[in-house]
Undergrad: 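One structure is given below, represented as C-alpha cells, and several questions about it will come after.
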There are 2 protein chains.
Amino acid sequence: MIDELAVIIDSLVPGDFLPSEPKLANQLGVSRATLREAMRVFEGRGLIIRRQGVGTLVASPPQIIESGIETLESIESQARRIGLEVTMGDLGIKYRQPSSEELERFAMLNGLNVVEISRVIEAEDRPVAYLIDIMPEDLLPGETQGSDFRGSLLDLMIQRDHPAISHANSEVMAISAPPDVARQLNIQRGDVLLCLESWLFTQEGTVIDHTYSYFLPGTFRFHVLRRPAEG
Amino acid sequence: MIDELAVIIDSLVPGDFLPSEPKLANQLGVSRATLREAMRVFEGRGLIIRRQGVGTLVASPPQIIESGIETLESIESQARRIGLEVTMGDLGIKYRQPSSEELERFAMLNGLNVVEISRVIEAEDRPVAYLIDIMPEDLLPGETQGSDFRGSLLDLMIQRDHPAISHANSEVMAISAPPDVARQLNIQRGDVLLCLESWLFTQEGTVIDHTYSYFLPGTFRFHVLRRPAEG
DNA sequence: CAGTGGTCTAGACCACACG
DNA sequence: GTGTGGTCTAGACCACTGA
C-alpha cells in the first residue's frame, strides 16, 4: 500500500494537492487510520505537507542547511551562508523563578528570575526548528527588549564581549515530539525530531544559557568528524 | 490521561507487569488505540517494554553509555569502559554487486563484490542498536570469517595496520524506524531512532566502509562540544 | 490452548481554513 | 457553511508466547 502511495506522490508536482484522506483511503482500499500511518513516513521525509483545514500537498524539495555539529552557529547565520531566508515567529518570553537545579547551574544571585525564550524558525514558509533558551534575566541581551526582536539570540551573545562565550556542551537526541513542541511546529505529536540540549559556557567557565533546539527532518543535515581515541 | 498512566507506571517496580491493554484502556476510560499512543511515549523513554504474546512490563533503568560523538569507538569498547556487558546477535552477511555509487566511493577494482554485514547489539537482554556495514569484500577483516564471529568490526579495522583508519565522516539524523530495522530491534515501525550514517576513511583518504548505526533511545547519550567559528 | 500485544477497519466528532 | 486534517472509539482479526 505504501508503495502505491509513493507512486501517487511521485506522479504529482510540488504544490499539487493529494485527494482528501477519506477519498484517498477509499481509492487505496484501506482505512483512514492506515493511510495516515503511511503518510507519516512521507511527511517525515518532508515530501508532503499536511495542513488542517486545507489539505495535503506535495512539498518542494527544501534547501538543506548543512553544517558540522561541532560548530556553534546560529540557524540564521547558517542559513545566510547558503542564501536561504529564514524568519522568526513571535517570541514567547516568560519570567519565572529558577528551579533549584538552575540556581546551581547558573550560579545565580538570589532573587533573580530566569527568563525563558521560545520561538519558531521558519524557512520557505514552513516551520523548521523550535528553539528554547533559558537564562538568568540579567544576562539577556538588551537588544531583545521589545517584542519586535527578530534576530538571533545566539549571535548577540557571541558578538558581545561580556560575558564572552567560550563553547556549548550539547547532547544529541532523537525524540518523539512532545505535544507542546508538536503544536508549535505544526506537526503531529509523535513525529520525529532531532534535539540538541545545550549549556552555553563563558570563558570563565560559568553556564549562562540552557537551550533546547528541535529540528525537523529535511532541512538540516548535521555531520561530524569522528576520530579514534588516542592510544 | 497520560498523567494517570505515568502514575500507574510510577507505582510499579521494574519487572512488574502492567494490566493488559484492553483492561488498562477500560480502567483509564479510553480506547485501546489512544492508550497505545500514550504508551509509546513511555516506551520511547525506555520506561516500559512491550512484548507480543507476553505483556507490558516496567523496565529497569538502563545503564547509560555516554560518549562524545566525535570519538570513533565501537559500542563494545564503550560498553566495556562502564562495565556493561553487550552481546551481538547473529551476523547477517550478504555479498552483492556494488551500485555505481559504491563503485565510485570505494574506488573498487572491477569484478569485486561488496559485503553487507548487519547485526543487532543487545545489552541487558534488550536490543539497543542495529548496525550495518557495507564494504568491498577484499577489505573485510579475516577474523570475521565463520559465522561465530562475535566481536567488533570497527575494533578490528582500527587495530589493523593496513589499511590504517584515519577517521569517519558521519551524518547525524533522527528517523522513524523503517519496517526492517523495527523488526530487527523488536520495536514498532514509526518508533524514534538516532541514526549515524558514516563513511570510514583510511589515512590515504580512500573510503573503505559505509555504515548505518541505529540507536534506540535510553541506553546511549551522545554529547558534543560546539565552538563558535573562527573570526 | 488461552491470553498477550500488533494491526486494521468503520465511523464519529472536533478544530481549523477559507469562501 | 463546507470541506479539510486531527483525534478518538469500539470492535475485529492476526501473530506471537508460554503453559
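Order of the sequence lines sets the chain letters (A, B, ...), proteins ahead of strands, with each chain counted from 1. Reckoned from all heavy atoms, side chains included, excluding hydrogens, waters and symmetry mates.
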Undergrad: Has the side chain of A/R226 got a donor or acceptor atom that lies under 3.5 Å from a matching backbone atom of B/T71?
TA: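 Pair found, side chain donor or acceptor close to backbone of B/T71.
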Undergrad: Given atom CG of A/L24 and atom P of D/dT4, what is their separation to the nearest angstrom?
TA: 12 Å
Undergrad: Could you state the atom-to-atom distance from CZ of B/R40 to C1' of C/dG6 in whole Å?
TA: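 Between C1' of C/dG6 and CZ of B/R40: 10 Å.
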Undergrad: Starting at CG of A/L28 and ending at P of C/dA10, how long is that distance when rounded to a whole Å?
TA: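 It is 13 Å, rounded to the nearest whole Å.
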Undergrad: Would you check, one step at a time, whether the test salt bridge (charged side-chain N to carboxylate O under 4.0 Å, His left out) holds for B/R96 with B/E102?
TA: CA-CA 11 Å; B/R96 60 169 173 80; B/E102 285 165 345; 3.0 Å; yes
Undergrad: Check the distance between D/dG18's P and B/L57's CG and give it to me in whole angstrom.
TA: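 Distance check: B/L57 CG to D/dG18 P gives 11 Å.
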Undergrad: Take A/Q52 and B/M39, find for each the nucleotide of DNA chain C with the closest heavy atom, and name the residue whose nucleotide sits nearer the 5' end.
TA: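 Counting from the 5' end, the first nearest nucleotide belongs to B/M39.
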Undergrad: Please work out which of the three classes, parallel, tilted or perpendicular, describes the rings of A/Y212 and A/Y214, given edges at 30° and 60°.
TA: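 The rings of A/Y214 and A/Y212 lie parallel, inter-plane angle below 30°.
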Undergrad: Using only modelled atom types and a 3.5 angstrom limit, is any donor from either the side chain of A/R32 or the base of D/dG6 paired with an acceptor on the other?
TA: yes
Undergrad: Check the phosphate of D/dG6 against A/R50, side-chain N and O only, distance under 4.0 Å to OP1 or OP2. Yes or no?
TA: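 The answer is yes; a side-chain N or O of A/R50 sits under 4.0 Å from OP1 or OP2.
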Undergrad: May I ask you to say whether A/E85 pairs ionically with A/R80, meaning some side-chain N is under 4.0 Å from a carboxylate O?
TA: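 Judged by the 4.0 Å cut-off on N to carboxylate O distance, A/E85 and A/R80 do not form a salt bridge.
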Undergrad: Using modelled atom types only, decide if a donor and an acceptor are shared between the side chain of A/S198 and the backbone of A/L200 within a distance under 3.5 Å.
TA: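 Absent.
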Undergrad: Indicate whether OP1 or OP2 belonging to D/dT9 is found under 4.0 Å from a side-chain N or O atom of B/T34.
TA: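 It does, given that an N or O in the side chain of B/T34 lies less than 4.0 Å from OP1 or OP2 of D/dT9.
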Undergrad: Starting at CG of A/N26 and ending at P of C/dG11, how long is that distance when rounded to a whole Å?
TA: 11 Å
Undergrad: Can you tell me how far P of C/dT9 sits from CD of A/E21, to the nearest Å?
TA: 14 Å
Undergrad: Would you say B/T56 places a side-chain N or O within less than 4.0 Å of OP1 or OP2 belonging to C/dG5?
TA: yes
Undergrad: Output the rounded distance in Å from CD (B/E37) to P (C/dT7).
TA: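 Rounded to the whole Å, the gap is 13 Å.
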Undergrad: Answer yes or no: does a side-chain N or O of B/R36 lie under 4.0 Å from OP1 or OP2 of C/dG6?
TA: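 Result: yes.
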Undergrad: 5'-most contact on DNA chain C: B/E43 or A/L35, nearest heavy atom basis?
TA: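 The 5'-side residue here is B/E43.
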Undergrad: Name the residue closer to the 5' end of DNA chain D, choosing between A/A33 and A/V54 according to the nucleotide with the nearest heavy atom.
TA: A/V54
